[in-house]
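Just so it is clear: chains get the letters A, B, ... in the order the sequence lines come, proteins before strands, and each one is counted from 1. We use all heavy atoms of the structure for the numbers below, so side chains are in, but hydrogens, waters and symmetry mates are not.
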Amino acid sequence: MPAHVARLGRPVERSRLARPAVEVAPELLGTVLVAGDRAGRIVEVEAYMGEADPGSHAFRGPTARTATMFGPPGHLYVYFTYGMHWCANVVCGDDGVASAALIRALEPLRGVEAMREARPAARRDRDLCNGPAKLCQALGLDGRHDGTDVVRGTDDVWLLEDGWTSDAAPVVSTRIGLTNGADLPWRWHVDGSAHVSRPSGRGGIVVG
DNA sequence: CGTTTGATGCTCT
DNA sequence: GAGCATCAAACGG
């Protein structure tokens, strides 16, 4: 593990991810996603509960696209949408069970200059990573990273904990951009963060 | 501020 | 063929 990565934290334990995404996702707030020389603190996540979730890509069973999501935890499920955007999930749950946490927003920590170059449309730094496709663009994540192991850090992509101490309560609300499963309260974000995609969905409630 | 609209191509029916 | 876990620009107030 490179020293500049170790400085930001230690890898999350895979066993911690081998649980349903609704349990894991809120715990990911405050962890650090690293991609090469760029890194950001996760401030917004959503849970997708696979075959039990009408909002999940895995709702109708495994397909070629969702193969990673059905695989072991600790890998990245990266998908392409709207003909132009990539979005990244941390795969949760046991091998064979589809469950994943969509990373929706980061607070930039390292490599901000590289992020600015990767996202010329961002007028302010708070616009670099405040959306699931924006953060993938900022970090240079795309289809090549589907299946990459964020516990072992293959492809220099890591998910770290202990790199940051949370001092803000998580807020729970409904997920963004869905038509199916839109009422399920499976979005969490750091209360008061200037780096989330939206301050609150419907019925935002402070949990912690 | 807010809302609306066009871009653009893969995935599954 | 329909829909999409989105974004940015272009509006109107």
Side-chain angles (χ1 to χ4, degrees), chain A residues 17 20-26 28-29 33 40 42-71 73 75-93 97-106 108 115-148 150 159 170-189 194-204:
Chain A
L17 301 174
V22 287
E23 297 179 18
V24 176
L28 293 182
L29 294 178
L33 183 65
I42 297 177
V43 295
E44 179 182 346
V45 293
E46 285 177 354
Y48 287 86
M49 292 294 288
E51 292 172 288
D53 176 7
S56 173
H57 290 161
F59 182 53
R60 298 177 193 280
T63 64
R65 174 174 67 156
T66 60
T68 301
M69 201 174 163
F70 281 85
H75 295 251
L76 227 48
Y77 164 51
V78 183
Y79 69 91
F80 185 66
T81 191
Y82 288 101
M84 61 195 96
H85 297 303
W86 296 98
C87 296
N89 296 250
V90 175
V91 173
C92 303
V97 177
S99 191
L102 173 67
I103 305 172
R104 283 200 55 92
L106 303 175
M115 294 185 191
R116 292 190 188 118
E117 292 176 14
R119 280 190 43 71
R123 301 188 142 270
R124 310 163 299 180
D125 283 353
R126 61 191 293 180
D127 297 320
L128 288 172
C129 299
N130 61 348
K134 294 178 186 178
L135 70 89
C136 282
Q137 193 179 3
L139 266 54
L141 296 175
D142 59 29
R144 300 189 307 263
H145 299 92
D146 182 43
T148 198
V150 296
L159 183 63
V171 179
V172 64
S173 58
T174 55
R175 296 176 294 183
I176 294 174
L178 301 191
T179 56
N180 297 320
D183 292 331
L184 295 166
W186 287 347
R187 172 182 180 244
W188 295 265
H189 66 90
H195 300 273
V196 297
S197 65
R198 284 164 45 176
S200 183
R202 279 175 295 135

Produce a footprint string for nucleotides 7-13 of chain C: one letter per nucleotide, 5' end first; B if the base is under 4.0 Å from any protein heavy atom, S if only the sugar-phosphate is, - if neither. SS-----
Using distance only, find each side-chain donor-acceptor pair of residues 80-87 of chain A under 3.5 Å and give its atom names and separation, not counting sequence neighbours.
none

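- To the nearest angstrom, C1' of C:dT6 lies 16 Å from CG of A:Asp142.
- Evaluation of the side chain to side chain donor-acceptor pair (under 3.5 Å) rule for A:Arg124 yields A:Asp127 as partners, not counting sequence neighbours.
- Annotation: side chain to side chain donor-acceptor pair (under 3.5 Å) contacts of A:Ser197 (sequence neighbours excluded): A:Glu44, A:Arg104.
- Applying the salt bridge (charged side-chain N to carboxylate O under 4.0 Å, His left out) rule to pairs touching residues 47-61 of chain A yields A:Asp53-A:Arg175, sequence neighbours excluded.
- A:Asp125 meets the side chain to side chain donor-acceptor pair (under 3.5 Å) test with A:Arg116; sequence neighbours excluded.
- The side chain of A:Thr179 contributes an N or O atom lying less than 4.0 Å from OP1 or OP2 of C:dC4.
- Helical stems in DNA chain C, defined as runs of 3 or more consecutive Watson-Crick or G-U wobble pairs with both donor-acceptor distances under 3.5 Å, are listed by first residue as B:1-7 with C:6-12, B:9-12 with C:1-4.
- Nearest heavy atom pair, residue A:Pro108 against residue A:Met115, reads CB-SD, 3.9 Å.
- Within the structure, salt bridge (charged side-chain N to carboxylate O under 4.0 Å, His left out) pairs that include any residue of residues 138-147 of chain A comprise A:Asp142-A:Arg144 (at least two apart or interchain).
- Scanning DNA chain B 5' to 3' for nucleotides with an atom closer than 4.0 angstrom to a non-hydrogen atom of chain A gives a first and last hit of B:dA7 to B:dT13.
- When the side chain to side chain donor-acceptor pair (under 3.5 Å) test is applied to A:His195, no partner is found at least two apart in sequence or on another chain.
- The distance from the CG atom of A:Leu139 to the CG atom of A:Leu33 is 5.5 Å, given to the nearest 0.5 Å.
- When the ring pair (Phe, Tyr, Trp, His ring centres under 6.0 Å) test is applied to A:Phe70, no partner is found at least two apart in sequence or on another chain.
- A pairwise comparison of heavy atoms in A:Pro170 and A:Leu29 identifies CB-CD1, 3.7 Å as the closest pair.
- Ring-base stacking between A:Tyr48 and C:dA5 is satisfied, the centre separation being under 5.5 Å and the plane angle under 30°.
- Under the side chain to side chain contact (heavy atoms under 4.5 Å, CB included) rule, A:Val90 has a single partner from A:Leu102, A:Val24, A:Ile42, A:Leu17, which is A:Leu17.
- As judged by a 4.0 angstrom heavy-atom cut-off over every strand, A:Phe80 is placed among residues touching the sugar-phosphate backbone only.
- For the segment residues 51-63 of chain A, the set of residues with a heavy atom within less than 4.0 Å of an atom of DNA chain B comprises A:Arg60, A:Thr63, in numerical order.
- C:dA2 atom C1' lies 13 Å from atom OH of A:Tyr82, rounded to whole Å.
- Using a distance-only test at 3.5 Å, with no hydrogens or angles considered, no donor-acceptor pair links the side chain of A:Thr148 to the main chain of A:Leu76.
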